[in-house]
Amino acid sequence: MLLNNQFNKIMTYKKAVHLFLVAFIIAANACTVQKSGSTKKNADLLNIINKNFTDAASQYKVMMKNISADKFPKTYHPKTDKFETSNSGWWCSGFYPGTLLYLYEQTKDAALNDEALRILKPLEKEQFNKGTHDLGFMMFCSFGNANRIDPKPAYKDILINSAKSLSTRFNPKVGCIKSWNSKENDFIVIVDNMMNLELLFWATRVTGDSSFYNIAITHANTTIKNHYRPDHSSYHVLNYNPETGVVQQKKTAQGAADESAWARGQAWGFYGFVVMFRETKDKKYLDMATSIAGFLLNHPNLPADKIPYWDFNAPGIPNALRDASAASIIASALLELSGYVDKQKAKEYISNAETMIRSLSADQYKAAPGTNGGFILMHGVGHMPAGTEVDTPLTYGDYYFVEAMKRYQEL
Ligand code: GLY
């Protein structure tokens with residue numbers, strides 16, 4: 001009996017030790033899963049994204065009905081129920097086909113592809129447009145995506161011609177591509193122009209002609225030198241002397257003030273330097289991108305939902321309008337940048353991008369089905385000082401939102 005009791009006690013003790021060890025191993029494993037999963041995708045957000053793609057495809061079918069012949073969507077005015085369109089020369093003409101193509105890739109809905117291919121036709125002629133710096137936006141977001149999905153010699157020719165047209169605006173004395181045409185003694189460059197360089201890198205890869213590549217890096221280096229402030233915010237508009245390259249003015253056009261940080265301008269520059277690092281692997285561009293990310297993500301005026309005010313120094317904060325388009329662009333760039341940095345930084349960038357995508361997916365920003373003229377997102381700010389496209393949907397807000405979600409899916 002005593003022996004039996006002792007035996008039972010020893011067995012109970014052994015069981016307890018065993019159970020403790022099992023529990024310890026499970027807990028340790030759970031910790032490991034959590035640790036190594038810190039930069040992993042969030043299943044719940046992936047579900048939200050899947051639903052967003054389905055909803056966005058339905059929205060773009062609504063939008064299609066608002067567009068006639070060779071017109072391109074510009075914006076929609078909710079108060080007056082007015083859908084505004086543009087012709088192919090407007091800087092945003094590439095975003096509609098680009099968004100349709102991204103959504104077609106996600107849904108395999110042929111109607112989206114058909115509409116994208118239809119609208120590419122009236123856009124084709126812009127390959128010879130030498131009067132704008134926006135050819136990267138117009139042609140690479142459209143024909144670049146078309147060629148990526150279904151490569152064709154015709155697309156390739158259009159893109160090469162576009163890169164040639166864009167290059168005609170480069171001035172070696174200034175070291176930049178001219179953004180806006182102005183008076184004879186002015187040479188205007190806006191920070192947005194960083195977004196047009198991706199087309200030039202593509203052109204060098206395809207043609208072997210390094211002049212496109214050299215223009216892109218010269219433009220980016222001049223931008224680092226003159227456009228950026230010590231805190232890594234940027235001016236919007238610089239006016240150079242076209243003969244000497246001397247900076248004549250630093251100002252804004254779409255921001256709150258010359259010395260303010262216009263949100264979308266910060267987003268364009270940020271995205272542009274991420275592309276610069278992707279294309280060159282030059283660490284100085286990575287340093288620029290991470291420094292700009294630092295400015296954006298640590299800014300005291302970045303709200304908790306991470307949707308920036310239209311200007312980081314907008315009057316009236318916290319009651320100033322938000323710009324959903326800036327959030328879309330920043331989220332997309334953060335997700336690409338997360339692939340070029342250490343694990344801790346990657347975690348920070350992904351987590352911020354997740355918050356941005358979640359916020360944009362909520363009713364506050366994502367339009368209810370059938371509303372908003374068919375645009376996906378509400379509450380963008382196009383040009384506050386001019387009073388145009390203020391608190392309305394924007395084609396580029398939609399395009400970079402869809403791109404950000406695609407990038408998250410593909411992380
Ligand atoms: N590139 C003009 C804008 O962002 O509004």
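Counting starts at 1 for both ligands and their atoms, following the listed order.
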Report, one line per pair, each donor and acceptor closer than 3.5 Å where one atom sits in a side chain of residues 88-96; sequence neighbours left out.
unit_1, atom_1, unit_2, atom_2, d
Ser88, OG, Lys125, NZ, 3.3
Ser88, OG, Glu126, OE2, 2.5
Ser93, OG, Ser88, O, 2.8
Ser93, OG, Trp90, O, 3.1
Tyr96, OH, Glu115, OE2, 2.7

Lys NZ or Arg CZ of Lys281 over Tyr340 ring: under 6.0 Å, within 45°: yes

Please report, to 0.1 Å, the donor-acceptor pairs under 3.5 Å made by any side chain of residues 60-74, with sequence neighbours excluded.
unit_1, atom_1, unit_2, atom_2, d
Tyr60, OH, Asp398, OD2, 2.7
Lys61, NZ, Asp109, OD2, 2.5
Asn66, ND2, Gly373, O, 3.0

Specify the closest pair of heavy atoms between Ala367 and Asn372, including all atoms of both residues, with the distance to one decimal. CB-CB, 3.3 Å

Filter on salt bridge (Lys or Arg N to Asp or Glu O under 4.0 Å), then keep only pairs touching residues 293-314, sequence neighbours left out; what's left? Asp305-Arg322

Where does ligand 1 get N/O contacts under 3.5 Å from the protein, atom by atom?
unit_1, atom_1, unit_2, atom_2, d
ligand 1, 1 (N), Asp192, OD2, 2.7
ligand 1, 4 (O), Arg264, NE, 2.8
ligand 1, 4 (O), Arg264, NH2, 3.4
ligand 1, 4 (O), Trp268, NE1, 2.7
ligand 1, 5 (O), Gln254, NE2, 2.7
ligand 1, 5 (O), Arg264, NH2, 2.6

Return the minimal non-hydrogen interatomic distance between Gln254 and His236, and the atom names on each side. N-ND1, 3.3 Å

